[in-house]
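Report on the structure given below.
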Amino acid sequence: MSECNPETVTDQREWRSLPERVKRVWLLRSVFTDTAVILVCAVLAVIFIAADWWGFWQALVLGLIAAWMLVSPVVRWLTTGYRMDDHGITQRSGVFNRTRTTIAYDHIHTLSSSAPIYMRPFHVVILDITAAGGESGMTLRGVPAGVQLELEAARQLDSGDTVSAAAASVGIHGAVADIADTAVADSDAAEECRQPEEAPAAGARTGVNQSATGRPAIDGELVFRASVADIVLFAVTDLGLFAALIVVYGFLDQLRDLVPEDVFDTAQDSVIRFATSSAAMIAGAVVVVFAVLVGASIIESLLRFYGFEVWRRGGDLVVVRGALTQRITTIAIDRIQTVAIRRSLLRRALHLCSVRLGLGAMAAAEGEDGDATGADVLPVIGDDRVYAVLQRMLPEWGLEPPEIHRAGRGLVRYYLVMPLAVSAAGMAVAVIWALVSRDAVNWLWTLAPAALAVWWGLCRWLKAASEGYAVLDDKRIAATGASVLTLFTVFTRRSRIQSVERSSTPWRLNRGVECLRLPLFVSNGISALQFTALRSADAATVSAWAEDGSIRPSGTSDRSADSDPRNMTDNGHGDDDGWRAR
């Protein structure tokens, strides 16, 4: 290993090309990801030869495709670079269409790095930098892991948190004293020049190191760790496992097009006869299918959440997870918009819940499911532990079990009118069609509106029973509700509310019933506090709090002109301050 040379430390504003080893990473990745294209080329070559179409042009086209698959990673490596200056990070890329993207440090919402198994031997990661809106971000592929720490320190320094910035800079590059002015130009040389750290006090060290087992070890305060039993419990209670049935059905439907129809029908009939030959076989088939679904869910959850940990480091939360692909997500606490506690009906019966942080920008990392991001800080936890863990994780929010005022109590009919009316209209159409066609089979279509009425009515009844709010103080509010068959309790701050939208219909006005919607700047979860039906006094209470922080007792009637629903115009909004959007 070469000695540390001060000349390797250059101005941070200079462009950094990706490390030499990234070329090898992308070549290796090309072999894995382009295997399907290579197979297609081989099949085409066989078809051309068999059909006597093989010639110079066919060979040239297939050769160019194969060559481009090997050359394109090197071209990308040669034409991609990034730099960090005093105010933000800039990436440039492209051959014919040169693109330059800049994100200011104070606009960064999340930093998420992933290290697929083929990247680990080269000690590089894929770094996703997300700014406001989720679409305005950038991805740095094949950069050293220390770049994430540099960005964390630069963002904290730019926001004025000099203490956290100094702590975050420990362990990045010992030769760099001020991260805002200097950086290492050559990342390979920087790793060789990294100085050993002195052992600081417990809880004061920050950074990402590698433990003896190869798992990333985050220096900070560990606030939550999910055991293997927790992950298995999450998998067993995850209702999404039943969605695998749809995937299996789609696969079988596609298989019908690939094999002869008579062969497929014969195999299908044989399986059905065997599985339904007796009551015991039917029960056994159901058990086998359920066991396969649960097993697949457990394997998928272990791959996604194995080693799940949440660390508190200064003004950030660091979420570590993943078995084959290790992912590290850094979430700035001051960017958190909401804290949502969610319970499916099954988990509610088992007194379990999960917690997701609502962020203004949260894009899924490369190769990651869009609904499974680092914002899920508690995949599954007992109801008796959730608030204690959240208080350690986010002491700034002061989260405690709220006393909810049920806004939908006594207003169930306003929730059920629409589902029943639409289902009745659909059933009438189905009956008329069956009478006109005089086909007994068409009478089965009348069951579809009935099933829709049951499903839709159940979801709306659950909303009526769960929707409510609790004004905690002049800055915080808690709201409850239901999304499909999942109950949630969401906490947010008044500063996160974008506007106040109150609406009603003429027949509701006379009864003093309204709809209320408070949009939030959230891209990965509940994007609004929405009440389908609530009394005007409750709407006035929440509106007054959202507009100027006024706290009124829940259900207190307000007879002023700005809260009387009869003063609204036809579009549902009046001209008084109480109805004006923020």
Side-chain angles (χ1 to χ4, degrees), residues 336-340 358 360 397-399 402-415 418 460 463-483 488-522 525-582:
I336 297 175
Q337 308 291 315
T338 61
V339 179
W397 283 71
L399 299 175
E403 297 182 3
I404 298 296
H405 171 69
R406 300 297 177 184
R409 184 169 296 170
L411 304 176
V412 179
R413 61 186 181 276
Y414 295 101
Y415 289 82
M418 182 63 70
R460 295 297 289 268
K463 287 174 68 69
S466 60
E467 282 188 351
Y469 68 91
V471 177
L472 304 178
D473 51 41
D474 61 343
K475 296 181 180 179
R476 300 177 304 143
I477 191 173
T480 57
S483 176
F488 62 81
T489 301
V490 59
F491 298 84
T492 190
R493 298 179 182 273
R494 186 165 62 89
S495 59
R496 269 53 171 175
I497 294 175
Q498 305 299 304
S499 63
V500 178
E501 302 173 6
R502 293 170 65 176
S503 61
S504 188
T505 56
W507 52 88
R508 283 189 174 192
L509 286 178
N510 295 329
R511 295 173 175 81
V513 178
E514 306 175 25
C515 296
L516 178 63
R517 186 172 183 271
L518 307 178
L520 304 169
F521 185 51
V522 175
I526 300 170
S527 59
L529 304 183
Q530 187 162 338
F531 304 91
T532 306
L534 77 169
R535 293 178 174 84
S536 297
D538 291 329
T541 298
V542 179
S543 299
W545 172 85
E547 291 169 2
D548 55 21
S550 301
I551 301 178
R552 304 172 185 173
S554 300
T556 299
S557 177
D558 189 341
R559 300 300 183 184
S560 61
D562 63 345
S563 61
D564 190 349
R566 294 172 180 80
N567 289 337
M568 291 193 299
T569 58
D570 291 339
N571 63 359
H573 297 279
D575 296 330
D576 297 308
D577 292 339
W579 288 93
R580 197 164 51 230
R582 289 171 56 86

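Throughout, residue positions are numbered sequentially from 1 according to the sequence presented.
In this structure Arg508 satisfies the side-chain contact (heavy atoms from CB on, under 4.5 Å) test together with Tyr414, Ser504, Thr505, Val513, Cys515, Ala533, sequence neighbours excluded. For Glu467, the side-chain contact (heavy atoms from CB on, under 4.5 Å) criterion is met by Tyr415, Lys463, Phe531, Thr532, not counting sequence neighbours.
With Arg476 contributing its side chain and Gly398 its backbone, the two residues share a donor-acceptor pair below 3.5 Å. Looking at Thr480, its side chain does come within 3.5 Å of a backbone N or O of Gly468 through a donor-acceptor pair. A donor-acceptor contact shorter than 3.5 Å is absent between the side chain of Arg535 and the backbone of Gly512. Proximity of a side-chain donor or acceptor of Thr492 to a complementary backbone N or O of Thr338 within less than 3.5 Å is not detected. Between the Gln498 side chain and the Arg496 main chain, a donor and an acceptor come within less than 3.5 Å of each other.
Put simply, the side chain of Leu520 reaches to within 4.5 Å of the side chain of Ile497, judged on heavy atoms. At least one side-chain heavy atom of Ile336 sits under 4.5 Å from a side-chain heavy atom of Trp397.
Once rounded to the nearest 0.5 Å, the distance linking OH of Tyr469 with CG of Leu518 reads 11.5 Å. One finds the CG atom of Leu399 at 11.0 Å from the OG1 atom of Thr489 (value rounded to the nearest 0.5 Å). Atom OG of residue Ser495 and atom CD of residue Gln337 lie 8.0 Å apart, to the nearest 0.5 angstrom.
Exactly one residue among Leu529, Val500, Ile477 makes a side chain to side chain contact (heavy atoms under 4.5 Å, CB included) with Val542. That residue is Ile477.
Among residue pairs with one or both ends in residues 403-414, none qualify as salt bridge (charged side-chain N to carboxylate O under 4.0 Å, His left out); sequence neighbours excluded.
Smallest separation of non-hydrogen atoms from Phe488 and Ser483: CE2-N, 3.9 Å.
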